[in-house]
Amino acid sequence: MPSPVKIITNSILPPPPPPHPWTHYLTLDALLKVLSRTLFNPFLAWILVLCLRAQVTPPTHPAWIISVGYAVSLSLLFIAGTINHRVAHGLPRTVEPEREVVLVTGGASGLGLLVAQLYAMRGVRVAVLDIREVGEKEAEEIFGEDVDVRCYAVNVGERKALEDVRKEISKELGTPTIIINCAAARINGHSLLDLSVDDFVKTVQTNLLAAFHLYQVFVPGIMDAENGGTLVTVGSVLGQLSPAGLSDYSASKAGLSALHRTMEAELRGHEQIKTLLVETGQMSTPLFSWVRTPSRFFAPVLEPVEVAREIVTAVDSGHGGVLRLPAFAKLVNWYAVLPGAVQVVARYLSGIDQAVSSGLQSRNTPSSGRVLRSSKKRTD
């Protein structure tokens, strides 16, 4: 049995956050989660109908008519959602942990590290790819002892390096069947006119071109695997919202989402290959630690462990699709069809175009020097 994962507090993981008041956790996501388990739950709606039936409520009574209509409506919505997902993404594949090999890029820090740790705790074979070298002793401290985890220091933006590491992984662990692309470039936070060409190229190379190389090198192995596999692309809602000051990051994430959707269309004929696009809002990692979220209620800062747990759960279910967190991220597609004037007002009220500039001002103050140093690290 694999030993428990040791929790360490060094430069790899961010320090634990300070305690927050209870109002900090009152968010739109929390409210919707409660409603989905109570007022909007079809099962509970039918229990109300049964209660009225037990009281011998006449079928013509308004309470009976409203209750039955409400229960039927919720049930139809649930059935329609299930059919829609089944038609769009097909039948789920069977995920067998003992037969899977998980490959995580950007797995030495941030979100990628947490995903790799979750799989390591379950005894799954894991290949961690990261530009930062992780020694054997450090790997044991991070993932625990007696686990089948291999760490490879590789620049995922270099094609030759990926081809070489693929041979090593196949020899030591086997053919990767679950690929989770978490690699991401650091945030520059400069306006388009102030952004250097080198910074723009580096961001695109890390966020977009690396994914192109990754899929071209490893997807053929999944196509030949008997039990298929799952491809997970971790993008961002900023690829669609495109706030001011993040031209390189937003452009690369928009391209990454488009690349994933194209790959999904090309792999649609392979029933045992599932694709999962993850588009998240702001996470509490050093990457965005200096950016203030426009609204904690509508756009709460996500804990990376929560996102990692959702990704692993979605992969384990065998389904493909799109995973968006938090709740407002599910509405970004509707934002694009709004009238232009409404979009401008929404951007102004949310403060999305001022978040980066105000964050830069606070980051460059002497009191935020520690945040400035940590935000320069490449993480996810």
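Treat the numbers as computed from the prediction; the structure is a model and nothing was measured. Residue numbers start at 1 and run along the sequence shown.
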Side chains of [X] and [Y]: do they bring a donor and an acceptor to under 3.5 Å?
{"X": "E279", "Y": "S236", "result": "no"}
{"X": "Q343", "Y": "Y348", "result": "no"}
{"X": "R93", "Y": "T230", "result": "yes"}

If Ile, Leu, Val, Met, Phe, Trp and Tyr residues are connected whenever their side-chain heavy atoms lie under 4.5 Å apart, and connections chain through other members, are V128 and I169 in the same group?
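Shared cluster, no.
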Hey, quick one: are V234 and L214 part of the same hydrophobic cluster, counting side-chain heavy atoms closer than 4.5 Å, chains of contacts allowed?
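No, separate clusters.
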Among residues two or more places apart or on two chains, list those pairs meeting side-chain hydrogen bond (donor to acceptor under 3.5 Å, both in side chains) that have a residue in [range].
{"range": "residues 308-320", "value": "R122-D316"}
{"range": "residues 61-82", "value": "W46-S75"}
{"range": "residues 159-168", "value": "R159-E163, R159-H213, R159-Q216, K160-D164"}

According to side-chain hydrogen bond (donor to acceptor under 3.5 Å, both in side chains), who are the partners of N181, at least two apart in sequence or on a separate chain?
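N181: side-chain hydrogen bond (donor to acceptor under 3.5 Å, both in side chains) contacts with T105.
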Does the distance from a Lys or Arg side-chain N to an Asp or Glu carboxylate O, for R99 and E226, drop under 4.0 Å?
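Answer for the salt bridge query: yes.
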Enumerate the ring pair (Phe, Tyr, Trp, His ring centres under 6.0 Å) contacts for residues 87-133, please, sequence neighbours excluded, ordered by first and then second residue.
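Pairs touching residues 87-133 that pass the test: H85-H89.
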Connected-component partners of F43 among ILVMFWY, side-chain separation under 4.5 Å:
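Taking Ile, Leu, Val, Met, Phe, Trp and Tyr as members, F43 shares its hydrophobic cluster with L44, I47.
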Value rounded to 0.5 Å, distance of CD in E306 from CE in M283:
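Going from the CD atom of E306 to the CE atom of M283 covers 10.5 Å.
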Checking E100 side chain against T177 main chain: does a donor-acceptor pair fall under 3.5 Å?
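No, E100 side chain to T177 backbone: no donor-acceptor pair under 3.5 Å.
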